[in-house]
Amino acid sequence: MVSFYGRSFESRFLLGTARYPSPESLRQSVLRSGAGIVTVSLRRESVGGAKAGHAFWDLVKSLDVAVLPNTAGCHTAREAIRTAEMAREVFGTPWVKLEVIGNDETLQPDPFGLVDAARTLSADGFEVFPYMTDDLVLADRLVEAGCRVLMPWGAPIGTGRGLNNPYALRLLRRHFPEIPLVVDAGLGAPSHAAAAMEMGYDAILLNTAVATAGDPPAMAEAFAEAIRAGRRAFEAGIMDETDLAVASTPVFGTPFTPFAGG
């Protein structure tokens, strides 16, 4: 069970809704992932005109999942705030995945615009899920701005590189033991998701690795299984690493043949 802003969910998998080869592929991917939350872009919902936008929104509503609108494509705090306000009206939720992009090549978040937008939106009653880098100081500023969830990237969006900086991600987990942490972006394989969950992260958000797979629904299910396995391993207690070998079979009390000789 994972909780965000007072709402609890059985699944620790948050799934994006863009880039699927067909509406049915999206529908099956969400169902097989078991995700209780999907992310939706206001721009995505409106693309192709009103008819296409309504059809997409009808599909999302039929899935009976919570919707996390995002401000994808915004490059300034002002633009992200305006998009969030419109999304609240369209989707009827105070939740917003806040994205303020600072670099078009890496899609790296702009930390200054992100904090400014988070502070304004939090003060206006939004419940903000900030997409951020794995920077500890930035995380502190976002919490001070009112965020009660943090979403550090594993790697740049869509790269599939996995966890670029495990040290930074572990540091964030230790520094914010009570804040829900969600690895968002850059994961390409189920093993990447399992590794993040083994660190004690609360959930995983991804889109591209599922949507662009040869079989998106099957990949969604694979990620769901990896997320569950990683969380179970964390809760069970993963053994510590050592520099020296440690025998798994005790050596004391084992039979031996004494040396015979004078």
Side-chain angles (χ1 to χ4, degrees), residues 2 4 12-16 18 37 39 41 68-81 83-84 95-122 126-189 191-209 227 230:
V2 63
F4 303 117
R12 296 174 180 272
F13 193 177
L14 291 71
L15 188 61
I37 301 171
T39 61
S41 169
L68 175 59
N70 66 47
T71 62
C74 294
H75 287 74
T76 66
R78 182 178 179 181
E79 185 182 10
I81 292 167
T83 302
W95 279 12
V96 62
K97 180 190 171 188
L98 181 61
E99 299 183 30
V100 183
I101 301 304
N103 183 278
D104 287 331
E105 183 176 350
T106 64
L107 300 181
Q108 180 170 332
D110 172 2
F112 308 103
L114 188 63
V115 172
D116 287 346
R119 183 177 294 112
T120 297
L121 291 170
S122 295
F126 281 88
E127 295 172 342
V128 181
F129 295 65
Y131 165 60
M132 54 176 285
T133 56
D134 49 23
D135 183 273
L136 182 60
V137 176
L138 173 58
D140 271 323
R141 297 296 180 269
L142 287 167
V143 172
E144 291 171 2
C147 298
R148 296 297 174 262
V149 177
L150 297 173
M151 304 181 75
W153 68 359
I157 293 173
T159 61
R161 296 177 60 87
L163 307 181
N164 266 0
N165 194 340
Y167 169 77
L169 291 172
R170 289 191 181 96
L171 190 61
L172 282 171
R173 180 69 284 177
R174 288 198 299 270
H175 193 73
F176 298 102
E178 304 301 326
I179 298 261
L181 299 181
V182 182
V183 171
D184 175 15
L187 305 188
S191 57
H192 299 157
M197 297 303 291
E198 288 169 4
M199 292 180 187
Y201 272 74
D202 296 283
I204 300 293
L205 194 162
L206 58 86
N207 188 162
T208 306
I227 290 167

K.L.:
Are the side chains of Thr208 and Leu187 in touch, meaning some heavy atoms are under 4.5 Å apart?
P.N.:
no
K.L.:
Quick one: are Leu136 and Leu172 in side-chain contact, heavy atoms under 4.5 Å?
P.N.:
yes
K.L.:
Testing the basics here: between Ala118 and Leu142, what is the closest heavy-atom pair and its distance to 0.1 Å?
P.N.:
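Shortest heavy-atom separation between Ala118 and Leu142 comes out as CB-CD2, 3.9 Å.
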K.L.:
Could you report the tightest heavy-atom contact between Cys74 and Ala80, atom names first, then the distance?
P.N.:
SG-CA, 3.7 Å
K.L.:
With rounding to the nearest 0.5 angstrom, report the CG to CE distance, Leu169 to Met199.
P.N.:
5.5 Å
K.L.:
Nearest 0.5 angstrom please: Met151 CE to Leu98 CG, how far?
P.N.:
10.5 Å
K.L.:
Show the numbers, then the answer: is there a side chain to side chain contact (heavy atoms under 4.5 Å, CB included) between Glu127 and Val149?
P.N.:
CA-CA 9 Å; Glu127 295 172 342; Val149 177; over 6 Å; no
K.L.:
Is any side-chain heavy atom of Leu107 less than 4.5 Å from a side-chain heavy atom of Pro156?
P.N.:
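No, too far: nothing below the 4.5 Å cut-off.
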K.L.:
Do any pairs count as a salt bridge (Lys or Arg N to Asp or Glu O under 4.0 Å) and have a residue in residues 139-158, sequence neighbours left out, and if so which ones?
P.N.:
Arg141-Glu144
K.L.:
Please give me the minimum heavy-atom distance between Cys147 and Ser122, naming the atom from each residue.
P.N.:
N-OG, 4.2 Å
K.L.:
Using the side chain to side chain contact (heavy atoms under 4.5 Å, CB included) rule, take Val183 and Leu163 through it: C-alpha gap first, then chi angles, then the decisive distance, then the call.
P.N.:
CA-CA 9 Å; Val183 171; Leu163 307 181; 4.3 Å; yes
K.L.:
Taking the side chain as everything from C-beta on, heavy atoms only, tell me whether Thr159 gets closer than 4.5 Å to Trp153.
P.N.:
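Contact flag for Thr159/Trp153 side chains = no.
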K.L.:
For a 4.5 angstrom cut-off between non-hydrogen side-chain atoms, does Trp95 reach Thr39?
P.N.:
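In short, these two side chains do not touch, never coming nearer than 4.5 Å.
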K.L.:
Within the 4.5 Å heavy-atom criterion, are Lys97 and Leu14 side-chain neighbours or not?
P.N.:
no
K.L.:
Roughly how far, to the nearest 0.5 Å, is the CG atom of Asp134 from the CG atom of Asn165?
P.N.:
5.0 Å
K.L.:
Taking all heavy atoms of Arg161 and all of Ala155, pick out the closest pair and write down the distance.
P.N.:
CB-CB, 3.9 Å
K.L.:
To the nearest 0.5 angstrom, please state how far the CG atom of Asn70 sits from the CD atom of Glu99.
P.N.:
5.0 Å
K.L.:
Does anything in residues 105-117 pair up under salt bridge (Lys or Arg N to Asp or Glu O under 4.0 Å), and if so which pairs, sequence neighbours excluded?
P.N.:
Asp116-Arg119
K.L.:
Testing Asn103, Val100, Thr133 for side chain to side chain contact (heavy atoms under 4.5 Å, CB included) with Pro109, which one passes?
P.N.:
Thr133
K.L.:
For the pair Ile157 and Tyr131, evaluate side chain to side chain contact (heavy atoms under 4.5 Å, CB included) and give the outcome as yes or no after the intermediate values.
P.N.:
CA-CA 10 Å; Ile157 293 173; Tyr131 165 60; 3.2 Å; yes
K.L.:
Look up atom CG in Leu150 and atom CD1 in Ile179, then write down how far apart they are to the nearest 0.5 Å.
P.N.:
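One gets 5.5 Å once the value is rounded to the nearest 0.5 Å.
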K.L.:
Under the 3.5 angstrom rule, does the side chain of Asn207 hit a backbone N or O of Ala18 as a donor-acceptor pair?
P.N.:
yes
K.L.:
Look up atom CD1 in Ile101 and atom CG in Leu114, then write down how far apart they are to the nearest 0.5 Å.
P.N.:
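If we round to the nearest 0.5 Å, Ile101:CD1 and Leu114:CG are 9.0 Å apart.
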K.L.:
Which heavy atom of Ala84 sits nearest to which heavy atom of Leu121, and what is that distance?
P.N.:
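Minimum heavy-atom contact is CB-CD2, 3.8 Å.
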K.L.:
Ala72 and Ser41: which non-hydrogen atoms are nearest, and at how many Å?
P.N.:
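Reported closest heavy-atom pair: CB-OG, 4.3 Å.
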K.L.:
For residues 169-180, pull every pair meeting salt bridge (Lys or Arg N to Asp or Glu O under 4.0 Å), keeping only residues two or more places apart or in separate chains.
P.N.:
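Every salt bridge (Lys or Arg N to Asp or Glu O under 4.0 Å) pair that includes a residue of residues 169-180, provided the two are not neighbours, is Arg173-Asp202.
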K.L.:
Does any part of the side chain of Leu206, heavy atoms only, come nearer than 4.5 Å to the side chain of His192, both counted from C-beta?
P.N.:
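Counting from C-beta outward, His192 and Leu206 never come under 4.5 Å.
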K.L.:
Is the closest side-chain heavy-atom distance between Leu205 and Phe129 below 4.5 Å?
P.N.:
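Result no, sub-4.5 Å side-chain heavy-atom pair not found.
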